[in-house]
Protein chains: 2
Amino acid sequence: MSKQKDTLLRLIAANKGHPSAEELFLECKEKNVKISIATIYRNLNLLVQEGKIAKISLPNEPDRYDSRTDTHIHGVCDRCHAIEDFEIAELDAFLAKQTGLAIHSYDLTLHYTCAKCRKKEALNIYSWL
Amino acid sequence: MSKQKDTLLRLIAANKGHPSAEELFLECKEKNVKISIATIYRNLNLLVQEGKIAKISLPNEPDRYDSRTDTHIHGVCDRCHAIEDFEIAELDAFLAKQTGLAIHSYDLTLHYTCAKCRKKEALNIYSWL
DNA sequence: CTAAATGCAAACTATTTGCAACGAT
DNA sequence: ATCGTTGCAAATAGTTTGCATTTAG
């Protein structure tokens with residue numbers, strides 16, 4: 001595994017926020033790891049194929065990458081688009097039972113307003129104070 | 001509502017397969033409705049804003065459009081990529097209860113092998129017969 | 001007659017690819 | 001010396017935008 005590929009894997013694992021290719025590019029620069037955007041995309045695709053990371057698609061946004069490849073849940077804030085991970089242990093069984101299907105895997109994204117944005121909103125509401 | 005916009009809305013409602021912009025463009029041609037790809041995208045975005053259709057994003061594929069805007073479930077076949085709709089009435093309550101969040105909406109995509117492809121697979125397995 | 005919607009072509013964003021140079025065995 | 005990996009720049013896919021023109025009320 002080349003230095004560039006290894007760096008990407010580490011950055012994705014370290015970054016809780018599910019970074020995009022562009023964000024990884026900037027993070028590499030900050031860490032003084034020399035890499036081109038083409039190599040980023042090439043390695044991201046390789047890592048996905050190898051099953052070491054997963055790709056996340058959302059409307060009107062560049063793809064993001066996730067160090068977790070097991071089935072889990074994404075929560076995205078409708079205000080700031082931050083992504084968090086969630087776990088619902090009983091969901092697999094629940095879905096299998098309700099649908100009667102042999103489900104290989106599933107993608108679940110919850111939309112809500114995150115705690116930070118709720119706080120901001122509350123401040124704005126009372127901004128005249 | 002212009003003829004073009006109306007046509008798009010109807011085509012999306014009629015097409016069970018969740019069509020992409022390009023597919024809608026071709027369907028319009030077949031129906032002899034004159035429309036440019038720019039107008040397609042413009043109207044699709046308007047219809048999404050108006051809450052009349054929904055946009056679906058999947059990795060490595062163009063965005064697709066859905067005539068259903070209520071929260072429901074997509075099932076996609078891992079072999080042929082066909083998309084079906086599902087309903088699980090109790091899911092909303094289940095998610096709210098398990099996460100404790102005020103969930104605006106959610107996107108759930110199930111991955112499996114659809115009935116058609118399962119049948120094909122079975123035939124292949126016994127193809128020497 | 002006016003405002004809204006369209007078509008065309010150019011622009012733009014995200015991503016991929018060809019190819020020559022580089023780097024590690 | 002070889003084979004995989006890289007950087008660069010050009011190419012591509014999907015989508016958006018500016019602007020002159022058309023359409024509908």
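If you're wondering where the values come from, they're calculated on a predicted model, not measured in any experiment. In what follows, every chain begins at residue 1, and chains take the letters A, B, ... in the order their sequences are listed.
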(request) Figure out the CG/C1' separation between A/Asp63 and D/dG14, and round it to whole Å. (result) 12 Å
(message) Could you tell me the boundaries of the chain A footprint on DNA chain C, defined by atoms under 4.0 Å from its heavy atoms?
(response) C/dA14 to C/dG18
(request) Kindly say if B/Asn45 contacts the phosphate of D/dT16, meaning a side-chain N or O under 4.0 Å from OP1 or OP2. (result) yes
(request) Write down the atom of B/Ile103, the atom of B/Ala96, and the distance for their closest heavy-atom approach. (result) CD1-N, 4.2 Å
(request) Nearest 0.5 Å please: distance from the NZ atom of B/Lys34 over to the OG1 atom of B/Thr39. (result) 10.0 Å
(message) On DNA chain D, does the nearest nucleotide to A/Asn60 precede the nearest nucleotide to A/Lys3 from the 5' side, or the other way round? Give the residue.
(response) A/Lys3
(request) Starting at atom NZ of A/Lys34, determine the distance to atom C1' of D/dG7, rounded to an integer number of angstrom. (result) 7 Å
(message) Between C1' on D/dT5 and CG on A/Leu47, what's the gap in Å once rounded to a whole number?
(response) 13 Å
(message) If I take atom OH in residue A/Tyr41 and atom P in nucleotide D/dC8, what distance separates them, rounded to the nearest angstrom?
(response) 16 Å
(request) Test for a donor-acceptor pair under 3.5 Å between the base of D/dG4 and the side chain of A/Arg42, counting only N and O atoms. (result) no
(message) Could you check whether B/Asp70 pairs with B/Arg68 (Lys NZ or Arg NE/NH1/NH2 to Asp/Glu carboxylate O, under 4.0 Å)?
(response) yes
(message) Do A/Asp107 and A/His74 make a side-chain contact, defined as non-hydrogen atoms from C-beta onward lying under 4.5 Å apart?
(response) no
(request) For A/Leu44 and D/dT6, give me the distance from atom CG to atom P, rounded to whole Å. (result) 11 Å
(request) Provide, to the nearest angstrom, the distance between the CG atom belonging to B/Leu24 and the C1' atom belonging to D/dG14. (result) 14 Å
(message) Here's a test of your reading of the structure: between B/Ser2 and A/Tyr65, which maps to the more 5' nucleotide of DNA chain C?
(response) B/Ser2
(message) Testing the 3.5 Å rule here: is there a donor-acceptor pair between the side chains of B/Gln4 and B/Asn43?
(response) no
(request) Name the closest nucleotide to the A/Gln4 side chain, picking from D/dC19, D/dT6, D/dC8. (result) D/dT6
(request) Take the protein atom CD1 of A/Ile37 and the nucleotide atom P of D/dC8, then report the distance between them rounded to whole Å. (result) 12 Å
(message) What I want to find out is whether A/Lys97 reaches B/Glu90 closely enough, with some N-O distance under 4.0 Å, to be called a salt bridge.
(response) no
(message) What is the separation between atom NZ on B/Lys5 and atom P on D/dT23, rounded to the nearest whole Å?
(response) 19 Å
(message) How close do A/Thr69 and A/Gly51 get, counting heavy atoms only, and between which atoms?
(response) CG2-O, 3.3 Å
